[in-house]
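Below: one structure, written as structure tokens.
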Amino acid sequence: MSTESLPRITPLSPPYAPDIEAQLRKWMPPGSAIEPLALFRTLARHDDLFSRMRPLGAGILGHGRIPPRDREIVILRTCARTNAEYEWGIHAVLQAPDVGLTPEQIDATVGDPDHPAWSPNDATLIRLVDEIHDTATISDTLWPDLTSHYRDDQVLELITTTGWYRLLSTVINTARLDRETWARHFPA
């Protein structure tokens, strides 16, 4: 294994301090049999930051105002654009199928923004992520397409979701986290 593939920040390993173990349980779905994700165990190295990040992440995933399928398209595309295979692979296995994304659509989040798997609204979401990724804004050309389908509060949530997963992708890539063994790889 090359030093490039070794984590720069090693995720915590059990046994965890009681307060960290309690936090890790909150980050994982209730009753999950999966070991706490390496991302969460890495973030737990800064316990205060770790506890402050959870409410936003949980809010995006569990209490959003945008349809879960739309949220997952945005998350997958953001992770693909930032080359965060770690997070993309988790969502490709756990969340995306549960919200109705097909294997073809999941794979298409990594490729061509004009893929035929996308409906016109899906394509708008792909363009949203691409524009925010490339320019940190939304063009006047895309804005009317976005606002014809989403209310202002939903647009804010889409922008925040893109930014949140950009942040997580930056942590993942910079810390060089190893992909979870059960998670998917990017399509070839």
Side-chain angles (χ1 to χ4, degrees), residues 4-5 7-9 37-40 42-43 53 56-62 64-150 154-180 182-188:
E4 259 189 51
S5 61
R8 287 177 166 164
I9 301 173
L37 300 179
L39 171 61
F40 303 157
T42 300
L43 292 172
M53 290 176 75
L56 180 57
I60 288 170
L61 287 178
R65 295 179 183 182
I66 57 174
R69 184 182 177 282
D70 295 2
R71 177 200 69 221
E72 284 305 312
I73 291 170
V74 167
I75 291 170
L76 290 168
R77 184 63 173 189
T78 301
C79 294
R81 287 299 311 270
T82 56
N83 201 34
E85 183 179 59
Y86 173 96
E87 190 72 10
W88 184 93
I90 290 168
H91 280 263
V93 169
L94 296 180
Q95 285 93 354
D98 286 349
V99 298
L101 289 172
T102 67
E104 180 185 24
Q105 290 168 326
I106 293 168
D107 287 354
T109 62
V110 177
D112 179 4
D114 299 319
H115 194 283
W118 300 129
S119 71
N121 187 66
D122 295 345
T124 297
L125 295 170
I126 297 293
R127 287 173 47 213
L128 165 83
V129 172
D130 289 355
E131 286 192 9
I132 290 174
H133 179 80
D134 293 342
T135 67
T137 192
I138 299 170
S139 70
D140 290 340
T141 305
L142 178 57
W143 191 260
D145 294 342
L146 197 59
T147 57
S148 71
H149 192 77
Y150 299 100
Q154 292 175 310
V155 172
L156 284 169
E157 187 173 324
L158 289 165
I159 295 165
T160 302
T161 301
T162 303
W164 175 251
Y165 280 87
R166 173 75 182 225
L167 166 71
L168 292 179
S169 295
T170 301
V171 171
I172 289 161
N173 292 342
T174 304
R176 293 187 182 153
L177 297 182
D178 290 332
R179 188 181 53 80
E180 300 290 343
W182 48 266
R184 281 203 44 207
H185 285 282
F186 283 141

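Here the side chains of Arg127 and Thr141 are in contact, with some heavy-atom distance below 4.5 Å. Looking at heavy atoms from C-beta onward, Trp182 lies in side-chain contact with Leu94 at the 4.5 angstrom threshold. Contact of the Gln95 side chain with the Ile90 side chain is registered, since non-hydrogen atoms from C-beta on lie closer than 4.5 Å. Trp143 is listed as a side-chain neighbour of Val155, based on a closest heavy-atom distance under 4.5 Å. Residues Thr109 and Val129 form no side-chain contact, since every pair of their non-hydrogen atoms from C-beta on lies 4.5 Å or further apart. Residues Leu61 and His91 form a side-chain contact, since some pair of their non-hydrogen atoms from C-beta on lies under 4.5 Å apart. Side-chain contact between Thr82 and Trp88 is absent, with no heavy-atom pair separated by less than 4.5 Å. Using a 4.5 Å heavy-atom threshold, the side chains of Glu104 and His115 count as touching.
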Could you go through the side chain to side chain contact (heavy atoms under 4.5 Å, CB included) check for Asn83 and Phe186 one step at a time?
CA-CA 9 Å; Asn83 201 34; Phe186 283 141; 3.3 Å; yes
Step by step, would you call Arg77 with Asp122 a salt bridge (charged side-chain N to carboxylate O under 4.0 Å, His left out)?
CA-CA 11 Å; Arg77 184 63 173 189; Asp122 295 345; over 6 Å; no
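Annotation for Ile106 and Ala92: closest pair CG2-CB, 3.7 Å, computed over non-hydrogen atoms. In terms of heavy atoms, Ala117 sits closest to Ala108 at CB-CB, 4.4 Å. Across Val99 and Glu72, no two heavy atoms sit closer than the pair CG2-CG, 3.7 Å. The minimum heavy-atom distance linking Ile9 with Leu177 is given by the pair O-CD2, 4.2 Å. Between Ser139 and Glu131 the shortest heavy-atom distance is N-OE1, 2.6 Å. Here the closest heavy-atom approach between residue Asp112 and residue Asp114 is recorded as OD1-N, 2.8 Å.
Here the CD atom belonging to Gln154 is positioned 8.5 Å from the CZ atom belonging to Arg65, to the nearest 0.5 angstrom. In this structure, the separation between CD1 on Ile126 and CG on Leu76 is 8.5 Å, given to the nearest 0.5 Å. A distance of 5.5 Å separates OH of Tyr150 from CG of Leu158, quoted to the nearest 0.5 Å. To the nearest 0.5 Å, atom CD of residue Glu87 and atom CG of residue Leu168 are 5.5 Å apart. Atom OG1 of residue Thr162 and atom CD1 of residue Ile60 lie 9.0 Å apart, to the nearest 0.5 angstrom. Atom OG1 of residue Thr78 and atom CG of residue Leu167 lie 12.0 Å apart, to the nearest 0.5 angstrom.
Enclosure of atom CG in Asp134 by more than 12 non-hydrogen atoms of other residues, nucleotides or ligands within 6.0 angstrom is indicated.
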